[in-house]
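To find a chain, count down the sequence lines: A is the first, B the second, and so on, and within it residues start at 1.
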Amino acid sequence: AQSVTQPDIHITVSEGASLELRCNYSYGATPYLFWYVQSPGQGLQLLLKYFSGDTLVQGIKGFEAEFKRSQSSFNLRKPSVHWSDAAEYFCAVGAAGGGNKLTFGTGTQLKVEL
Amino acid sequence: KAGVTQTPRYLIKTRGQQVTLSCSPISGHRSVSWYQQTPGQGLQFLFEYFSETQRNKGNFPGRFSGRQFSNSRSEMNVSTLELGDSALYLCASSDASGGNNNEQFFGPGTRLTVL
């Protein structure tokens, strides 16, 4: 069965600093990978996705992620964090066998210090 | 286009009762998935409906059920509520045009509290 690990439960960065959120997945074939963001009291918003092709994926709000098959990782990065980026970030992997079923990691809560 | 809407946004029930939550997907989307979010278990997949048929199912007891109507609107029902059912229930829709693992658009969720 597929699984996703987000090793960092909480991360605090200063505004303007760079950010990297870690995600490791377990999956038998080429995975479908996603990063979502959730602000307090809100649903999830898709930041970016990887299905195939270029391993460096650009998303919204200045985020990017790099798929590394050898490390089973899909880390999310942003060169300069803004205070409005404070939120919870979820990495997810899509299921094999059809349909739209996501397995999520436990999330990383990002705090931005001004 | 309007986003995914969920009603009600907040709900308080007591143990043993049943509850029905509603989800209206984005116009044209035929796939609707449901997720449960709790502090302890995180985000867990409940089930997915596509063209009125359940296409995927997560590992939840039979007390959790759902259905989808011909206009793609979906409902989920939880019978015999337990305290542990307190959660944020998220609905997501997808146009499923590519078949699998399409981008899913999430609604704001229904916050269910079981007393």
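For A:E15, there are no salt bridge (Lys or Arg N to Asp or Glu O under 4.0 Å) partners, not counting sequence neighbours.
Cluster annotation: B:M76 and B:F45 are assigned to distinct hydrophobic clusters (Ile/Leu/Val/Met/Phe/Trp/Tyr, side-chain heavy-atom contacts under 4.5 Å, transitive). The hydrophobic cluster containing B:L112 also contains B:V32, counting ILVMFWY residues as joined when their side-chain heavy atoms lie under 4.5 angstrom apart, directly or transitively. Residues A:F63 and A:Y25 are members of one and the same hydrophobic cluster, defined by side-chain heavy-atom contacts under 4.5 angstrom among Ile, Leu, Val, Met, Phe, Trp and Tyr. A:I60 and A:W35 fall within the same hydrophobic cluster, defined by Ile, Leu, Val, Met, Phe, Trp and Tyr side-chain heavy atoms under 4.5 Å apart, directly or through other members.
For the atom pair B:R30 CZ and A:N100 CG, the distance stands at 11.5 Å (nearest 0.5 Å). In this structure, OH on B:Y35 lies 9.0 Å from CG on A:L44, to the nearest 0.5 angstrom. Atoms CD and CZ, on B:Q37 and A:F104 in that order, are 8.5 Å from each other to the nearest 0.5 Å.
Residue B:L115 places its CG atom among more than 12 non-hydrogen atoms of other residues, nucleotides or ligands, all under 6.0 Å distant. In B:N71, the CG atom is crowded: over 12 heavy atoms of neighbouring residues, nucleotides or ligands sit closer than 6.0 Å. Other residues, nucleotides and ligands place no more than 12 heavy atoms under 6.0 Å from the CZ atom of B:R15.
No part of A:Q45 comes within reach of chain B, as not one of its non-hydrogen atoms sits under 4.5 angstrom from that chain. The contact between B:R9 and chain A is made entirely by side chain atoms (from C-beta outward), counting heavy-atom distances below 4.5 Å. Only the side chain of A:L46 comes within less than 4.5 Å of a heavy atom in chain B; its backbone stays farther off.
B:V4 forms part of a hydrophobic cluster together with B:I26, B:F105, judged by ILVMFWY side-chain heavy-atom separations under 4.5 Å.
Evaluation of the salt bridge (Lys or Arg N to Asp or Glu O under 4.0 Å) test over residues 102-114 of chain A, restricted to residues two or more places apart or in two chains, returns none.
B:L43 is not listed as a side-chain neighbour of A:Y36, based on a closest heavy-atom distance of 4.5 Å or more.
Counting all heavy atoms, side chain and backbone alike, A:K49 lies closest to B:E103 at NZ-OE1, 3.6 Å.
At a heavy-atom cut-off of under 4.5 Å, chain A is reached by B:L88, B:L90 from residues 78-91 of chain B, listed in order of number.
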